[in-house]
Novice: 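Attaching a single structure in structure tokens format; questions to follow.
Values below: every heavy atom of this structure, side chains too, minus hydrogens, waters and symmetry copies. Lettering follows sequence order; numbering is per chain, from 1.
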There are 2 protein chains.
Amino acid sequence: MAEHSSPARPGRWRSGAESRQRILDAARALFRENGYGGTTVRAVAARADVDPAMVFYFFDTKKGLFAAATEMPAHLPPALESIFAGGLDGIGERVIRTLLENMDKSDRTPLAVLTRSAPTHEESEALLREFIDREINGRLVELLDVPDAALRVGMLNVQILGLAVARYIFKIEPIASAPVDELVARFGPMVQQFLTGRSPS
Amino acid sequence: MAEHSSPARPGRWRSGAESRQRILDAARALFRENGYGGTTVRAVAARADVDPAMVFYFFDTKKGLFAAATEMPAHLPPALESIFAGGLDGIGERVIRTLLENMDKSDRTPLAVLTRSAPTHEESEALLREFIDREINGRLVELLDVPDAALRVGMLNVQILGLAVARYIFKIEPIASAPVDELVARFGPMVQQFLTGRSPS
DNA sequence: GTCTATAATTAGATAGAC
DNA sequence: GTCTATCTAATTATAGAC
């Protein structure tokens with residue numbers, strides 16, 4: 001929480017871009033904590049230390065702010081590349097590690113934001129499902145090339161959502177405090193098994 | 001959605017208990033869909049086809065309504081008994097089947113309601129964690145009797161939350177539409193393995 | 001770009017008639 | 001037990017000064 005401390009250009013204390021960024025950061029935090037309905041534009045403005053009217057200036061409507069705040073982080077897709085780059089071998093460990101490392105350090109945690117909030121039921125579903133389908137499921141189903149690939153990938157989705165909710169939203173112990181390596185060691189081989197192991201049927 | 005059809009006692013169309021029940025049903029549905037902040041007392045009343053003032057008459061405040069609506073269903077604890085009754089043998093299948101069968105038919109789905117909604121961040125955490133800790137984790141940790149029991153049970157929590165979110169909230173396919181038997185066959189042995197199998201460390 | 005002032009709406013909650 | 005009417009406060013959103 002650094003107070004305004006820009007030494008350059010006296011008389012023009014904050015750039016528009018900085019205000020915009022402060023608003024986005026505040027919005028993401030509040031949407032994640034209180035959901036869409038539970039978050040007010042005024043609260044976002046107060047936390048960002050800007051005037052409520054500025055929020056509408058930049059994002060027009062509350063929904064516009066939500067859409068901007070829940071945009072997927074730019075640095076996640078590159079990380080996803082490295083998951084698939086190595087092929088199926090060891091993909092269980094890689095997917096769990098990539099997920100945890102990104103969500104641990106990310107302010108955005110889009111999964112957490114979306115699970116908690118959403119202007120409406122349908123929009124929330126669409127946003128999250130589209131992202132997971134496009135970035136993970138589709139490519140993984142191709143890679144697996146087995147008849148029950150969809151179900152196996154579905155099981156991975158359960159792990160992703162379960163970890164996100166348990167670790168970041170409800171902070172259920174010991175999952176919330178476990179080191180990444182520990183969780184990778186536990187979940188990685190298990191994921192590897194149900195993705196690439198023989199079918200139970 | 002049966003319309004008022006009580007043949008007894010003409011002139012007194014709805015009992016207080018019935019109105020109370022209608023309000024609770026409507027509240028659960030809306031809290032689950034839109035969260036606490038996104039649900040208005042007026043909307044609940046409209047859906048229950050009663051006057052908004054009635055909601056306050058029965059539950060005093062919006063929070064009181066939420067507390068009543070998210071009360072754990074009475075028929076879930078008995079079901080939990082049967083999970084533990086059989087001991088560790090086959091407990092993986094039993095816990096997954098019990099969870100799915102109860103949530104599939106329950107209007108209450110406390111997990112779904114709680115994951116989505118909550119008056120505040122902290123209350124939501126407390127409610128859900130307390131229930132899971134008391135009804136599942138504590139007893140299971142005892143039963144396991146191994147040094148890393150807490151982590152193994154934590155992994156089960158991840159499965160429970162992941163299944164709940166994927167199947168009931170975001171309806172991610174093919175998890176959402178898969179028959180219970182299929183999911184039990186997939187998740188059951190996996191759960192059994194990480195609960196009672198040898199430690200990976 | 002930023003703020004003041006305020007319009008328009010909607011929320012939770014109460015009083016009291018029936 | 002149920003409804004009408006209403007109060008108060010807070011919310012989204014806009015207009016316009018600086």
Novice: If each of A:Met54 and A:Arg42 is mapped to the nucleotide of DNA chain C with the nearest heavy atom, which maps nearer the 5' terminus, i.e. the 5' end?
Specialist: A:Met54
Novice: Respond yes when some side-chain nitrogen or oxygen of B:Thr40 is under 4.0 Å from OP1 or OP2 of C:dT10, and no when none is.
Specialist: no
Novice: Under the 3.5 angstrom rule, does the side chain of B:Arg94 hit a backbone N or O of B:Gly87 as a donor-acceptor pair?
Specialist: yes
Novice: Note down the inter-axis angle between the two ends of the helix from C:dG1-D:dC18 to C:dC18-D:dG1, five pairs each, to the nearest 10°.
Specialist: 10°
Novice: Taking A:Gln192 for its side chain and A:Ile91 for its backbone only, find out whether a donor-acceptor pair lies under 3.5 Å.
Specialist: yes
Novice: Strictly distance-based, threshold 3.5 Å: is any side-chain N or O of B:Glu93 a donor or acceptor partner for the main-chain N or O of B:Arg97?
Specialist: no
Novice: Please name all residues satisfying side chain to side chain contact (heavy atoms under 4.5 Å, CB included) with B:Ala150, sequence neighbours left out, ordered by chain then number.
Specialist: A:Pro174
Novice: Could you state the CZ-C1' distance from A:Phe56 to C:dT9, rounded to the nearest angstrom?
Specialist: 13 Å
Novice: Between B:Glu18 (CD) and D:dG1 (P), how many Å, whole number?
Specialist: 13 Å
Novice: What is the distance, rounded to the nearest whole Å, between atom CZ of B:Phe59 and atom C1' of D:dG1?
Specialist: 14 Å
Novice: Using a cut-off of less than 4.0 Å, is there contact between a side-chain N or O of A:Ser19 and OP1 or OP2 of C:dT2?
Specialist: yes
Novice: In whole Å, what is the span from the CG atom of B:Asp49 to the C1' atom of D:dT2?
Specialist: 12 Å
Novice: Which comes earlier along DNA chain D counting from the 5' end, the contact point of B:Ala53 or that of B:Tyr57, where each point is its nearest nucleotide?
Specialist: B:Tyr57
Novice: Is the backbone of A:Ala178 close enough, under 3.5 Å, to the side chain of A:Arg167 for a donor and an acceptor to pair up by distance?
Specialist: yes
Novice: How many whole angstroms separate atom OH of A:Tyr36 from atom P of D:dT11?
Specialist: 14 Å
Novice: Round to the nearest Å and state the distance from B:Asp60 atom CG to C:dA15 atom P.
Specialist: 12 Å
Novice: Could you work out which one of D:dT12, C:dG12, D:dT4 sits closest to the side chain of A:Lys62?
Specialist: D:dT12
Novice: Choosing from C:dG12, D:dC3, C:dC3, which nucleotide comes nearest the side chain of A:Asp51?
Specialist: C:dC3
Novice: Calculate the interatomic distance between B:Arg22 atom CZ and D:dT2 atom P; express it in whole Å.
Specialist: 10 Å
Novice: Do any N or O atoms from the side chain of A:Arg152 and from the backbone of A:Gly197 form a donor-acceptor pair under 3.5 angstrom?
Specialist: yes
Novice: Examine distances only and state if a side-chain atom of B:Glu81 and a backbone atom of B:Ala85 form a donor-acceptor pair shorter than 3.5 Å.
Specialist: no
